[in-house]
Amino acid sequence: MADGVKPRVKVPKTAAAGEAITIKTLISHKMESGQRKDGDGNTIPRSIINRFVVDFNGENVIDVTLEPAISTNPYFEFEATVPESGEFTFKWFDDDGSVYEETKAVEVG
Amino acid sequence: MTLTRRHTLLAGMAAATAALLPLRAVASVDEAIAEFTGGADLGSEGITLTAPEIAENGNTVPIEVAAPGATAIMLLAAGNPNPDVGTFNFGPLAASQRASTRIRLAGTQDVIAIAKMADGSFARASQEVKVTIGGCGG
């Protein structure tokens, strides 16, 4: 697992049924592109998050494929429909095999 | 200066290299598009790409794409060493086919977005972004 990876997710706590809510996510990750060279001229190997998936109660919201051209600390903003109360799961897949997970509950009132 | 055989050869080689370099980059963009669309025709309606006209820092350029009715949107940066940027696949619970993120640009170039619509058609939008400081750490 890469060092200091910390996911941050912003989701409203409550919503109306069927409402479109805006979700913002950020994960601290250096997203080493594989293009940079260190002081001795050696290429620094690629190490990025290559996939980001958001589900709500097991149904897919968005599935993003990331390439090295995504900036350090990948940020995403998108909209999701909330049909009932439940839980969002956010998963980031690292090149090294680790998976970073975060969950957020939303109450429909 | 007399034009010797060696000079002519060198000049020819330099010209050939200069002509080849940009061609190769363009070819890989076309390849990436062809892989995504399967060679289908590209429309220009129904997709919006929002990018800054001038980006001071190529390391983090805010980009937003929206294509109502799309199932997937692919982003490409034509002038990057690797033109692929990422692909958004929208699931059944996506409230809108819109997403924003931040990308790296190596220099001034066109950013291209291709949307795959639910009916199987494709749409393309592109915008030039002027980059003051490139984002490839070179």
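These numbers come from the heavy atoms of this one structure, side chains and all, not from hydrogens, waters or symmetry mates.
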Student: Minimum heavy-atom separation for B:P81 to A:Q35, with atom names?
Tutor: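 So the two residues come closest at CB-NE2, 3.5 Å.
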Student: Does one hydrophobic cluster hold both B:M117 and B:I114, with members joined at side-chain heavy-atom distances below 4.5 Å?
Tutor: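 No.
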Student: Are B:L105 and B:I133 connected in the hydrophobic side-chain network, where two residues link if heavy atoms are under 4.5 Å apart?
Tutor: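 Different hydrophobic clusters.
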Student: Any chance CD of B:E35 has more than 12 other-residue heavy atoms, nucleotides or ligands included, within less than 6.0 Å?
Tutor: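 No, CD of B:E35 has 12 or fewer neighbouring heavy atoms, counting only those of other groups under 6.0 Å.
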Student: Can you tell me which portion of A:L26 sits under 4.5 Å from chain B's heavy atoms? Options are side chain, backbone, both or neither.
Tutor: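 Side chain of A:L26 only, per the 4.5 Å heavy-atom cut-off to chain B.
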Student: Would you indicate whether the side-chain heavy atoms of A:I70 and B:V85 approach each other to under 4.5 Å?
Tutor: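 Yes, close enough: below the 4.5 Å cut-off.
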Student: Between A:E59, A:E77, A:K24, who has the most heavy-atom pairs with chain B when the cutoff is under 4.5 Å?
Tutor: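 Between A:E59, A:E77, A:K24, the count favours A:E77.
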Student: First locate atom CD1 of A:I62, then atom CZ of B:R98, and finally report the distance between them rounded to the nearest 0.5 Å.
Tutor: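 The CZ atom of B:R98 is 9.5 Å from CD1 of A:I62, to the nearest 0.5 Å.
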Student: So does A:D38 have more than 12 non-hydrogen atoms from other groups sitting under 6.0 Å from CG?
Tutor: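 Yes, because the 6.0 Å sphere around CG of A:D38 holds more than 12 heavy atoms from other groups.
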Student: So how far is it from A:E67 CD to B:L76 CG, rounded to the nearest 0.5 Å?
Tutor: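 Rounded to the nearest 0.5 Å, the CD-CG separation comes out at 9.5 Å.
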Student: Do you know which of A:V64, A:T65, A:N60, A:V53 makes side chain to side chain contact (heavy atoms under 4.5 Å, CB included) with B:N89?
Tutor: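 Result: among A:V64, A:T65, A:N60, A:V53, A:T65 is the only option passing the side chain to side chain contact (heavy atoms under 4.5 Å, CB included) with B:N89.
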Student: Looking at every non-hydrogen atom in both residues, tell me the closest pair between A:A20 and B:A95 and how far apart they are.
Tutor: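 Heavy-atom minimum between the residues: CB-CB, 3.4 Å.
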Student: So which of B:A66, B:P92, B:A99, B:G58 has the biggest tally of heavy-atom pairs under 4.5 Å with chain A?
Tutor: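 Between B:A66, B:P92, B:A99, B:G58, the count favours B:P92.
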Student: Looking at B:L75, B:T60, B:N82, which one has more heavy-atom pairs under 4.5 Å with chain A than the rest?
Tutor: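 Of the candidates given, the most pairs with chain A belong to B:T60.
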Student: At a 4.5 Å cut-off on heavy atoms, which part of B:A77 comes close to chain A: side chain, backbone, both, or neither?
Tutor: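 No part of B:A77 comes within 4.5 Å of chain A.
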Student: Can you tell if the side chain of B:L93 reaches within under 4.5 Å of the side chain of A:P83, non-hydrogen atoms only?
Tutor: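 Yes, side chains in contact.
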Student: Could you check which of A:G34, A:S71, A:G18 has the highest count of heavy-atom pairs closer than 4.5 Å to chain B?
Tutor: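 If we count pairs closer than 4.5 Å to chain B, A:S71 comes out on top.
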Student: Find out if a path of hydrophobic residues (ILVMFWY) with successive side-chain heavy-atom gaps under 4.5 Å connects A:I49 to A:I44.
Tutor: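 Shared cluster, no.
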Student: What are the two closest non-hydrogen atoms of A:S33 and B:R104, and how far apart are they?
Tutor: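 Closest pair (atom of A:S33, atom of B:R104, distance): CB-NH1, 3.7 Å.
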Student: If you look at every heavy atom in B:D84 and A:A69, which pair is closest and at what distance?
Tutor: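 Heavy atoms only, the tightest pair is O-CB, 3.7 Å.
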Student: To the nearest 0.5 Å, what is the distance between CZ (A:F76) and CZ (B:R102)?
Tutor: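 These two atoms lie 10.5 Å from each other.
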Student: With only heavy atoms counted, which part of A:T25 is less than 4.5 Å from chain B, the side chain, the backbone, both or neither?
Tutor: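 No part of it gets close to chain B.
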Student: Of all heavy-atom pairs between B:T101 and A:Y75, which one has the smallest distance, and what is that distance?
Tutor: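 Taking every non-hydrogen atom into account, OG1-O, 2.7 Å.
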Student: Is the number of heavy atoms from other residues, nucleotides or ligands within 6.0 Å of CD (A:E84) greater than 12?
Tutor: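 Check passes, neighbour count above 12.
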Student: So does B:E56 have more than 12 non-hydrogen atoms from other groups sitting under 6.0 Å from CD?
Tutor: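 Result for CD/B:E56: open.
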